[in-house]
Amino acid sequence: MRSRTLVPTLGAFLESEEAAHSSAPPDWIHVLAGLARAGTRIARVVARTGLTGTLPRTGDRNVHGEAATRIDQYAHNAVVEEVAADEMLCCIVSEEAEDLMPIPSSHPDGGCILALDPLDGSSNLGVNVPVGTIFSLLPYSSSDGGPGAGLTLTEILRPGRDQIAAGYVLYGAATVLVYTSGRGVHGFIRDPESGEFLLNRRDIRIPSPSARHYSTNEAYTRRWNPRQHELVRHFKRPPPEGAKGFSARYIGSLVADIHRTLLVGGLFMYPAFRGKPEGKLRLMYEAAPMGLIMEQAGGRATNGTEDILDIRPRHIHQRTPLFAGTRELVDAAASHLEGEAANSE
Ligand code: P6P
């Protein structure tokens, strides 16, 4: 058994790893530590959900008209409580809050923005499917002079390429935290005995050749555009003699689907379709953080044709189609969806 004492904790790793690349540990690592503390609290409540039977509903609906459950609100509140005291933050964008949440920041540079999906996929909890917290940290520099000068939306609506850090906490058989700050993707597993997140995957790279998995909800097949239809049909064709075919894998919980894709490869797709012209997933706090993770692990993420990280949000809850995973597969999907492959076949 690998000695736990030799494995760095998240805190030690952040202090050493992030300090190694700058004169001192950057302030935002305290926000990441706060997210880890919130993840620990959320993991405990998620584990007890099964004991309470059905998911307690608040009776409210979130900004997207989805029935909000008390556990979504709990997760949102747990994160806010754990990070709000940090002077680094100037505001929070949350799936559970219709409007921007300003936080008085006295940080000399104006601080940073936390974009957050507190508990993505919580509707899966009733059947014990893994769910997750997704986070994105963006720099904020108020255009009209320092902290407290009021938040300008144009400074908030930044493309994912501007992210300082991004990642997720996955509440599954184990609670894991995966993050990137632009220098590789690192995975930590929570030790139930010590309560610490311990480094267990340093510099994660999507394997190549990767698993030949495609991941999408095929219930929407009839609502896809013809090129999306043809793309998935391509994955179902019998492979050439001696070659390996594709397998379908779809959990219906974004963090779980992305985590599998990150570790074994494949192509996750949540396309736009008739009835969801912009897709379902949110740009600022789902697609963009997952896009940075994928790109830093040697993969790619697009909206089908454009890099997710280059898309500037029009509003804080904007939705986007998402194609993410092994670079070759995301590239092939983009070529097909742009019509090149369709014409050449
Ligand atoms: P569908 C969960 O509700 C979620 O927001 C993501 O976690 C997941 O990827 C997606 O929706 C699943 O959506 O339409 O396939 O049920």
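Indexing begins at 1, ligand by ligand and atom by atom, following the structure's order.
At distances below 3.5 Å, not a single donor-acceptor pair connects side-chain atoms of D307 with backbone N or O atoms of D310.
Within 6.0 Å of the CZ atom in R201, the count of heavy atoms belonging to other residues, nucleotides or ligands does not exceed 12.
The shortest N or O to N or O distance between D120 and ligand 1 is under 3.5 Å. Close N/O approach between N124 and ligand 1 is not found [any backbone or side-chain N/O within under 3.5 Å]. When only interatomic distances are considered, the shortest N/O to N/O separation between S123 and ligand 1 does not fall below 3.5 Å. For L254, a nitrogen or oxygen atom sits less than 3.5 Å from a nitrogen or oxygen atom of ligand 1, counting backbone and side chain alike.
The side chain of N217, and not its backbone, has at least one atom closer than 4.0 Å to an atom of ligand 1 (non-hydrogen atoms only; side chain from C-beta on).
Taking the side chain as every heavy atom from C-beta outward, T133 and Y168 never approach each other to under 4.5 Å. Contact of the V255 side chain with the V169 side chain is not registered, since no non-hydrogen atoms from C-beta on lie closer than 4.5 Å. Side-chain contact between L116 and V93 is absent, with no heavy atoms from C-beta onward closer than 4.5 Å.
Taking every non-hydrogen atom of Y250 and a distance limit under 4.0 Å, the qualifying atoms of ligand 1 come out as 1 (P), 12 (C), 13 (O), 15 (O). Residue-ligand proximity, G252 to ligand 1, at heavy-atom distances under 4.0 Å covers atoms 2 (C), 8 (C), 12 (C). Atoms of ligand 1 found under 4.0 Å from any heavy atom of Y220, numbered from 1 in the order shown, are 1 (P), 14 (O). Those atoms of ligand 1 with a heavy atom of S253 less than 4.0 angstrom away are 7 (O).
Distances shorter than 4.0 angstrom do not occur between any heavy atom of D257 and any atom of ligand 1.
Taking the six-membered ring wherever Trp is involved, the centroid distance between the rings of F197 and F188 does not fall below 6.0 Å.
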Where do H317 and Y285 land on the ring pair (Phe, Tyr, Trp, His ring centres under 6.0 Å) test, with the steps shown first?
CA-CA 8 Å; H317 297 301; Y285 44 81; 5.8 Å; yes
